[in-house]
Amino acid sequence: MCNIPLLCIVGPTACGKTHLAVRLANEINGEIISADSRQVYRKMNIGTGKDLDEYSITGKQIPYHLIDIVDPGYHYNVYEYQHDFQLAYQDIVGRNKIPILCGGSGMYIESVISNKYRLDEVPVNDEFRKDAEKYSMDELIAKLKSYKSLHNNTDILDRERLVRALEIALYYDQNPLWYNEQVKYNLFYLSIERSVLRERIASRLTQRLENGMIEEVKLLLDSGVSMDDLLYYGLEYRFISQYLADMMDYEKMTSKLLMAIGQFAKRQQTWFNRMRRNGFQMTDIDTSLSDSQKLQIILSTINS
RNA sequence: GGGGGGAUACCAGAGCGGUCAAAUGGGGCAGACUGUAAAUCUGUUGGCGAAGCCUUCGGAGGUUCGAAUCCUCCUCCCCCCA
């Protein structure tokens, strides 16, 4: 049943992902799963670029998922996303519709199309623990390395952690993912020249400020969302809340924010570049192409 | 009109005769990323290169073995007194 691949539209902020994903969904009877770590929050609309009206096209509403699913103030994370994604994905596929993943949170995207971020509830394995007592630290470390490459030292700091790490590795090795299978996917990367992207970001920022983005942040604060949470949400929420708290003037706020968004966009591109280097197949779509040309590329890729 | 201060690499800003291709910060560029990822962190930043060489500190001259640093003139900016 999972022959339908997940079509992924990815790229940096302000490159037109939603616009394209909606058109694609309209074309192939698809539904959109957002991969945006901030659009999950309700009431955070302008600052996260939610653009909900973009989801209706020629009078038709394209269904979307994983947007507006938690309240502001909550700290959502990758692992919850991984879980929520599976539910949405299986729901869509179960209804014979085509899932389209669309977003710019690289880690969220990678977490659902690779098995690199697996984190199940792993039960204690007494038998294994007893057996492990017979081996030295070095032997156990060697064994752990045979299961996975160590990305840091936290797993081998002491015997207890090491045994637990091995226990988890063993469990993963012997048990399938809680969801049935690895998601098949097709990645489409919206490529855009940095300077053009910067211009887009700048004009979009001006527009958002005119559209009441500052009011939005003020409302969040008034409704009880803490300053710390807004700082944590980053970018527009971070800088605007600092401006509202008189920590910087308007001019400084806008210039720093503009810079920060630009730097963020660069990091997003770095993430996707790395995914490509690490073997993820990616089809580039030049943002300067027309909508129909872009759709053409996607359709011909998935039909071949 | 008189007096004073200043012009340094993309920006801000140190340096005030040699150890200066020039501190530091910002930006830019590149990268990392396993329970905060719109976060956090790292490298790099005149040109060509292996050593090394070449062109830089507003402009033109000068002093000196040697100048971003001292002197003269010029251009522009800021402040104060008229």
Side-chain angles (χ1 to χ4, degrees), chain A residues 10-15 17 34-41 44-50 67 70 72-85 103-122 144-145 147-157 161 164-165 168-169 172 177 193-195 197-199 201-202 204-205 208 213 216-217 220 225-226 228-242 248 251-278 280:
Chain A
V10 308
T13 187
C15 72
K17 295 181 293 293
S34 161
D36 189 303
S37 69
R38 294 298 180 266
Q39 292 188 10
V40 296
Y41 299 106
M44 289 168 57
N45 303 327
I46 304 174
T48 62
K50 223 175 261 174
I67 290 177
V70 294
Y74 185 76
H75 287 203
Y76 192 73
N77 63 56
V78 214
Y79 295 94
E80 284 182 72
Y81 180 76
Q82 217 172 18
H83 181 265
D84 294 339
F85 167 84
S105 298
M107 193 187 202
Y108 280 24
I109 292 161
E110 208 171 326
S111 81
V112 300
I113 62 174
S114 79
N115 52 14
K116 191 173 154 191
Y117 296 86
R118 186 171 177 192
L119 221 116
D120 302 350
E121 213 53 60
V122 178
L144 182 63
K145 281 182 180 165
Y147 284 106
K148 63 177 214 175
S149 59
L150 306 181
H151 45 266
N152 57 38
N153 291 325
T154 55
D155 282 341
I156 55 173
L157 285 177
R161 280 168 180 272
R164 176 61 181 166
I168 292 169
Y172 283 174
L177 284 172
E193 206 185 303
R194 191 70 52 80
S195 59
L197 184 60
R198 288 256 153 79
E199 282 168 30
I201 288 171
R204 191 184 61 171
L205 177 58
R208 287 181 179 181
M213 183 157 62
E216 176 173 298
V217 177
L220 288 169
V225 178
S226 73
D228 279 349
D229 286 332
L230 290 173
L231 292 176
Y232 154 80
Y233 290 139
L235 300 183
E236 352 323 74
Y237 298 97
R238 161 181 283 198
F239 290 102
I240 292 175
S241 64
Q242 286 178 331
M248 56 178 83
E251 146 113 61
K252 188 169 180 186
M253 179 273 284
T254 52
S255 65
K256 288 194 92 158
L257 176 54
L258 182 62
M259 249 178 240
I261 299 171
Q263 292 168 336
F264 166 58
K266 196 242 142 227
R267 265 178 277 131
Q268 289 179 295
Q269 292 181 317
T270 298
W271 187 284
F272 295 120
N273 287 161
R274 185 180 66 133
M275 281 179 75
R276 193 198 304 272
R277 252 203 314 282
N278 288 165
F280 286 88

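Note that the coordinates shown come from a computational prediction; the quantities given were computed from them, not determined experimentally. Below, read A as the first sequence line, B as the second, and so on, with proteins coming before strands; counting in each chain starts at 1.
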Acceptor/donor pairs from residues 254-266 of chain A side chains to any protein atom, 3.5 angstrom cut, sequence neighbours excluded:
| unit_1 | atom_1 | unit_2 | atom_2 | d |
| --- | --- | --- | --- | --- |
| A:Thr254 | OG1 | A:Tyr250 | O | 3.2 |
| A:Thr254 | OG1 | A:Glu251 | O | 2.9 |
| A:Ser255 | OG | A:Glu251 | O | 3.3 |
| A:Ser255 | OG | A:Lys252 | O | 3.2 |
| A:Lys266 | NZ | A:Thr270 | OG1 | 2.8 |

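Rounded to whole Å, the distance from CZ on A:Arg38 to C1' on B:A37 is 7 Å. In this entry the distance linking CG of A:Asn77 with C1' of B:C33 reads 16 Å, nearest Å. The separation between A:Ile261 atom CD1 and B:A39 atom P is 11 Å, rounded to whole Å. Across the protein-nucleic acid pair, A:Gln82 atom CD and B:U36 atom C1' stand 16 Å apart, rounded to whole Å. One can place OH of A:Tyr81 at 14 Å from C1' of B:A37, the figure rounded to the nearest angstrom. The distance between atom CE of A:Met107 and atom P of B:A38, rounded to the nearest whole Å, is 9 Å. Rounded to whole Å, the distance from CD1 on A:Ile109 to C1' on B:U34 is 16 Å. Between A:Arg238 atom CZ and B:U36 atom C1' there is a gap of 11 Å when expressed in whole angstrom units.
Atom C1' of B:A67 sits at a distance of 11 Å from the matching atom of B:C20, rounded to the whole Å. B:C70 and B:G6 are spaced 10 Å apart, taking the P atom of each and rounding to whole Å. Across the C1' atoms, B:C10 and B:G1 are found 40 Å apart, a figure rounded to whole Å. Comparing the P positions of B:G61 and B:A23 gives a spacing of 28 Å, expressed to the nearest Å. Rounded to whole Å, the separation between the P atoms of B:A32 and B:G25 comes to 24 Å. On the C1' atoms, B:C41 is 15 Å away from B:U34, given to the nearest whole Å. Taking atom P on both nucleotides, B:U19 is separated from B:A68 by 9 Å, rounded to a whole Å. Rounded to whole Å, the separation between the C1' atoms of B:C16 and B:G66 comes to 16 Å.
By the salt bridge (charged side-chain N to carboxylate O under 4.0 Å, His left out) test, A:Arg38 is found to be paired with no residue, residues two or more places apart in sequence or in another chain being considered. Shown here are the ring-ring contact (aromatic ring centres under 6.0 Å, His included) partners of A:Phe272, two or more places apart in sequence or in another chain: A:Tyr189. Listed by chain and residue number, A:Met107, A:Tyr108, A:Ser111 satisfy the side-chain contact (heavy atoms from CB on, under 4.5 Å) test with A:Val78 (two or more places apart in sequence, or in another chain). A:Arg198 pairs by the side-chain contact (heavy atoms from CB on, under 4.5 Å) definition with A:Arg194, not counting sequence neighbours.
Take the nearest nucleotide of RNA chain B for A:Gly106 and for A:Glu80: the residue whose nucleotide is more 5' is A:Glu80.
In a base pair of the Watson-Crick type (N1 to N3 plus N6-O4 or O6-N4) or a G-U wobble (N1-O2 and O6-N3), with each distance short of 3.5 Å, B:G1 is matched with B:C81. Figure legend. B:C73 is base-paired to B:G59; pairs are counted as Watson-Crick or G-U wobble with both atom distances under 3.5 Å. For B:G27, the paired base is B:U45 (Watson-Crick or G-U wobble, both distances below 3.5 Å). Judged by Watson-Crick or G-U wobble contacts below 3.5 Å, the nucleotide B:C65 has B:G18 as its partner.
OP1 or OP2 of B:A37 sits under 4.0 Å from a side-chain N or O of A:Tyr232.
Ring orientation note: the planes of A:Tyr232 and A:His75 are close to parallel, at an angle under 30° on the 30°/60° scale.
For the pair A:Glu216 (side chain) and A:Asn45 (backbone), a donor-acceptor distance under 3.5 Å is present.
The residue A:Ser105 sits close only to the backbone: its heavy atoms come under 4.0 Å of sugar-phosphate atoms, none of a base.
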Footprint string (nucleotides 25-31 of chain B, 5' to 3'): B base within contact, S backbone only, - free, heavy atoms under 4.0 Å | --SSSBB
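Pairing each heavy atom of A:Met253 with each of A:Ile240, the nearest pair is SD-CG1, 4.0 Å.
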